[in-house]
Peer 1: 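Provided herewith is a single structure, encoded as structure tokens, for subsequent inquiry.
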2 protein chains.
Amino acid sequence: MTISGKALSALKKIVGQHNFTKEIEECACYSYDATAQHFLPDAVVFPQNSDEISKILSLASKNSFYVIPRGSGSGMTGGSLPVKGGVVVVLTRMNRILEIDCDNLIAVAEPGVITSHFHKAVESKGLFYPPDPSSSDFSTLGGNLAECAGGPRAVKYGVTRDYVLGLQAVLPNGDIIKTGVKTAKGVVGYDLTRLLVGSEGTLGVITQMTLRLLPRPEFVRTMTAVFESMDIGAETVSEIMRQKIIPRTVEFMDNASINCTEDYLHMGLPRDAGAMLLLEVDGNKDQVNSDIELLKNLCLLKGAKNITIAQSDLERADLWKARKAISPALFRLAPDKINEDIVVPKSKIPHMVRKIKEISDETGLLLASFGHAGDGNIHVNIMLDKKDSEQVRKAEIALELLFDYTLDLGGTISGEHGIGITKAPFITKEIGQAELTLMKNIKTAFDPKGILNPGKMFTSLTD
Amino acid sequence: MTISGKALSALKKIVGQHNFTKEIEECACYSYDATAQHFLPDAVVFPQNSDEISKILSLASKNSFYVIPRGSGSGMTGGSLPVKGGVVVVLTRMNRILEIDCDNLIAVAEPGVITSHFHKAVESKGLFYPPDPSSSDFSTLGGNLAECAGGPRAVKYGVTRDYVLGLQAVLPNGDIIKTGVKTAKGVVGYDLTRLLVGSEGTLGVITQMTLRLLPRPEFVRTMTAVFESMDIGAETVSEIMRQKIIPRTVEFMDNASINCTEDYLHMGLPRDAGAMLLLEVDGNKDQVNSDIELLKNLCLLKGAKNITIAQSDLERADLWKARKAISPALFRLAPDKINEDIVVPKSKIPHMVRKIKEISDETGLLLASFGHAGDGNIHVNIMLDKKDSEQVRKAEIALELLFDYTLDLGGTISGEHGIGITKAPFITKEIGQAELTLMKNIKTAFDPKGILNPGKMFTSLTD
């Protein structure tokens, strides 16, 4: 689908000259995301409000061109890439927090708000927005909703979906809709809110969101514990849950991640450890202190070799430093990586960890794992050099083995990154034919002309 | 749509003679629900498994007859009534709890499991399933999911939707689908799980559910506090939230509810009180004891006249006795009642309470209110004699005024009962034309022939 000069002029008129570009150098800035794949759009617009977005989609509908919504472009699966060209609608200029209602514990925000800005704004009022994807310093709330982002705190607090009460969104035909409610309860009509959340920008463009907040926990305490093997680490996590303690984060790093991070940071991480756990609890002071003591004793009982409990915010930040550095550190091992985010039932983590080792042995590729042990969400990084075709072939085999075993264990191939384009070839492993047909019919119900964010998720199967 | 003798024979063959009836006396038992409206089905079947349901829907699809799924028939809005005849599919014989997984905190159950049986089963393993609709002693999990049931504990723990991880369901064409995951995270494809939850049996028949569980809270404490006016009671609730205490229940009764319950139970309730709050906290022992002390002081500070803190499980049950008796007690005031479940942002409860008084004055009808003050969910009971046409006319006016003001305050016309048939005439007050069109298109995507649970929600608008 090409865009006529007339349509481009109309677009420029809708958003204004300063919010429109078709210069190739500028378009290039909106051609990629965190997958490092590139697709050049025909034009880029920066709308200021939902009316402009309505006009843009109306125009696209009439003139049959593609529209691709985009936040900060920090997505891990290509959800915001203009794979078939078209107009990228960048939402970063719609970045106002419209309301923080301390009495009713809700906030209303535009999609372009940076997640960590939102965290700070609500925390300054004594409130708390739990979803915390690792990208929160640069990702937008709109992107978080489109992908249903998770993060470390999901183990206690759930994911983005659990904090969205209502939306304003623009449909592909230009209609501006309102979904959901401003209250915790609300059951009038179908749940369009949660249908839009996680739909990766394929059903509508989210232009405003009503989010549920919690009171900010009074205290947080953080500890790390080092284990001889990942098996013991995983067994410790299971035991923690059995003891009815739900930490707000249960992060882990495997031996490869530990070593690689140590090479990068030289902070004295235990190179021979099989696993390191990072545990964090929150609540009131007494509760937190008693929980951290319980966690410490439990880890010791399970054979933890080294336990560090942060005594200040500075020490807390230090403990997080290694965990946060893994992703960039891994590039020291190989020029490229495939970063997956499989989830398995948490009791199956040891099985998965053994399988990852097997896959590494079988393919000769290095696989480093870290992530959210508390909810079974493992970031498996397959390290490779994409210029080496043999390594690429082996990585493909590794991926197949990884996904198949994940599903065998009752898991899912994506916990928080979405499908986009990178996982689209694997979606039929998890989603059956009847379910796919249903999803396609839903897509058609929202977007009969197929103009919104084409080639993503299952839509690539028919396009 | 009439059902041929041949189709009825085929139905009988699918479920077996003992699980089929078209006797009018037996059909009458499945013609009503808690709305006290009656619609006779053509036949009733009691399938044992999803394969039988698949065959039933396949047959219905080919032979164009209506299928109406039903649990215990405790619904408040007519969701399970065969308003156009057809075959009622009673799911109460699919009542097995298939799995309670203590390591991964999930359970798998069939739709016919009685909610309170499920509570007991998971609690006996030290786990906890928070959703607790007042009907839990007789409602089924399937019905709870279909309506997205709430309950008193929603203020802290959320509603049914928040505990459903995945489903097995049968589509109107007979396809058996699997949605969602067994893990806390999972973002592969559109969120069919939450689209089915709350869809009132209009999109598919839920045949199996994977539910999220929590560790059972160690301690629960319960107190009641009596206030001079509902305004002060509501202001106290706001202050509790501001103090960052989230009780697991914040129930209230207004003066009319208190008096009526006292007439019924003679337990010494304060007849001149404007409002009574029932507060419950849970957690570990220290936390619970400190929270209840805080709540007590806060209530006293706000002018509570009488505070009772239960010192035993028996005393806890006593405190709940009045709250649980309201609904039956109200029938002492008038032979009929219209029981609504509006929700307003909790800070607007005082406004709503004043409005309810105004509506009562204006129409001359008695309106009694009680419900879930913690989440703004108010059960407004319009008392009347349905044989008195003047009272019926006034009740209609009262309902319009009630719903309009609810929406003016940013609320919703249903927090947990659903739309069914009783609220269908009002759905367009809350849902706009574009959103309704979308919902109808989704209905068509699932049920192109319109055979599943016809005449409910918005579908009545076109049927």
Side-chain angles (χ1 to χ4, degrees), chain A residues 103-105 147-148 150 154 158-159 162 171 175 177-179 181-192 194-195 197-199 215 238 241 244 246 284 286-287 343 345-347 375-377 410-416 418-419 427 430-432 434-435 438-439 441-442 445-446 457-458, chain B residues 103-105 147-148 150 154 158-159 162 171 175 177-179 181-192 194-195 197-199 215 238 241 244 246 284 286-287 343 345-347 375-377 410-416 418-419 427 430-432 434-435 438-439 441-442 445-446 457-458:
Chain A
D103 284 332
N104 296 300
L105 303 184
E147 302 293 324
C148 188
V159 296
D162 302 312
L171 299 182
D175 280 349
I177 63 165
K178 191 188 129 311
T179 75
V181 287
K182 292 183 130 191
T183 52
K185 291 176 176 172
V187 293
V188 178
Y190 295 153
D191 192 344
L192 300 179
R194 281 145 205 105
L195 187 56
V197 171
S199 67
S238 293
M241 303 291 176
K244 301 188 177 182
I246 302 210
N284 75 15
D286 293 344
Q287 174 82 57
V343 191
K346 37 188 176 288
S347 66
D375 52 34
N377 187 193
T412 173
I413 65 170
S414 181
E416 46 190 26
I419 295 299
I427 194 170
E430 182 162 340
I431 307 283
E435 293 83 351
L438 210 50
M439 289 181 193
N441 290 345
I442 291 170
F446 278 77
M457 301 174 92
F458 52 82
Chain B
D103 284 332
N104 296 299
L105 302 184
E147 302 293 324
C148 189
V159 296
D162 302 311
L171 299 183
D175 280 349
I177 63 165
K178 190 188 130 309
T179 76
V181 288
K182 291 182 132 190
T183 52
K185 290 176 176 172
V187 294
V188 177
Y190 295 153
D191 192 344
L192 300 179
R194 281 144 205 105
L195 188 55
V197 171
S199 67
S238 293
M241 302 292 176
K244 300 188 178 183
I246 302 210
N284 73 17
D286 294 344
Q287 175 80 59
V343 191
K346 38 187 176 288
S347 68
D375 52 34
N377 188 191
T412 173
I413 65 170
S414 181
E416 46 190 26
I419 295 300
I427 194 170
E430 182 162 340
I431 307 283
E435 294 82 352
L438 209 50
M439 290 181 193
N441 289 345
I442 291 170
F446 278 77
M457 301 174 93
F458 51 83

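Just so we're on the same page: letters track the sequence lines, and every chain starts at 1.
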Peer 1: Tell me whether A:Glu430 contacts the main-chain N or O of A:Ile413 through its side chain, where contact means a donor paired with an acceptor under 3.5 Å.
Peer 2: yes
Peer 1: Out of B:Glu147, B:Lys182, B:Gln287, return the one with the most heavy atom pairs under 4.5 angstrom to chain A.
Peer 2: B:Gln287
Peer 1: Between B:Val159 and chain A, with a heavy-atom cut-off of 4.5 Å, which part of the residue counts as in contact: side chain, backbone, both or neither?
Peer 2: side chain
Peer 1: Indicate yes or no: does A:Lys185 engage B:Asp375 in a salt bridge with an N to O separation below 4.0 Å.
Peer 2: yes
Peer 1: When only pairs under 4.5 Å are counted, which of A:Leu438, A:Asp286, A:Ile246 shares the most heavy-atom pairs with chain B?
Peer 2: A:Leu438
Peer 1: When heavy-atom pairs shorter than 4.5 Å are enumerated against chain A, which of B:Asn284, B:Asp162, B:Leu105 gives the highest number?
Peer 2: B:Asn284
Peer 1: If you draw a 6.0 Å radius around NZ in B:Lys346, do more than 12 non-hydrogen atoms from other residues or ligands fall strictly inside?
Peer 2: yes
Peer 1: Name the member of B:Ala184, B:Gly411, B:Gly158, B:Gly189 that forms the most heavy-atom pairs with chain A at distances under 4.5 Å.
Peer 2: B:Gly189
Peer 1: Can you tell which part of B:Asp103 gets under 4.5 Å to a heavy atom of chain A, answering side chain, backbone, both or neither?
Peer 2: both
Peer 1: What residues form a ring-ring contact (aromatic ring centres under 6.0 Å, His included) with A:Tyr190, not counting sequence neighbours?
Peer 2: B:Phe458
Peer 1: Can you tell me which portion of B:Asn104 sits under 4.5 Å from chain A's heavy atoms? Options are side chain, backbone, both or neither.
Peer 2: both
Peer 1: Of the non-hydrogen atoms in A:Ser238 and A:Ser347, which two are nearest, and what is the gap between them?
Peer 2: OG-CA, 4.3 Å
Peer 1: Using a cut-off of under 4.5 Å on heavy-atom pairs, state which of B:Pro345, B:Gly150, B:Ala434 scores highest against chain A.
Peer 2: B:Pro345
Peer 1: Looking at B:Asp175, B:Leu192, B:Leu171, B:Ile431, which makes the most heavy-atom pairs under 4.5 Å with chain A?
Peer 2: B:Leu192
Peer 1: Treating B:Glu435 as the side-chain partner and A:Lys178 as the backbone partner, does any N or O pair qualify as donor plus acceptor under 3.5 Å?
Peer 2: yes
Peer 1: Against chain A, work out which of B:Thr412, B:Val188, B:Val343 has the most heavy-atom pairs shorter than 4.5 Å and name it.
Peer 2: B:Val188
Peer 1: I need the B:Ile442 CD1 to A:Asn441 CG distance, nearest 0.5 Å.
Peer 2: 11.5 Å
Peer 1: Select, from A:Ser199, A:Gly198, A:Gly376, the one with the greatest count of heavy-atom pairs under 4.5 Å involving chain B.
Peer 2: A:Ser199
Peer 1: Need one label for B:Ile177: side chain, backbone, both or neither, based on atoms under 4.5 Å from any heavy atom in chain A.
Peer 2: both
Peer 1: List in chain and number order the residues that pass side chain to side chain contact (heavy atoms under 4.5 Å, CB included) with A:Val187, two or more places apart in sequence or in another chain; answer none if no residue qualifies.
Peer 2: B:Cys148, B:Ser414
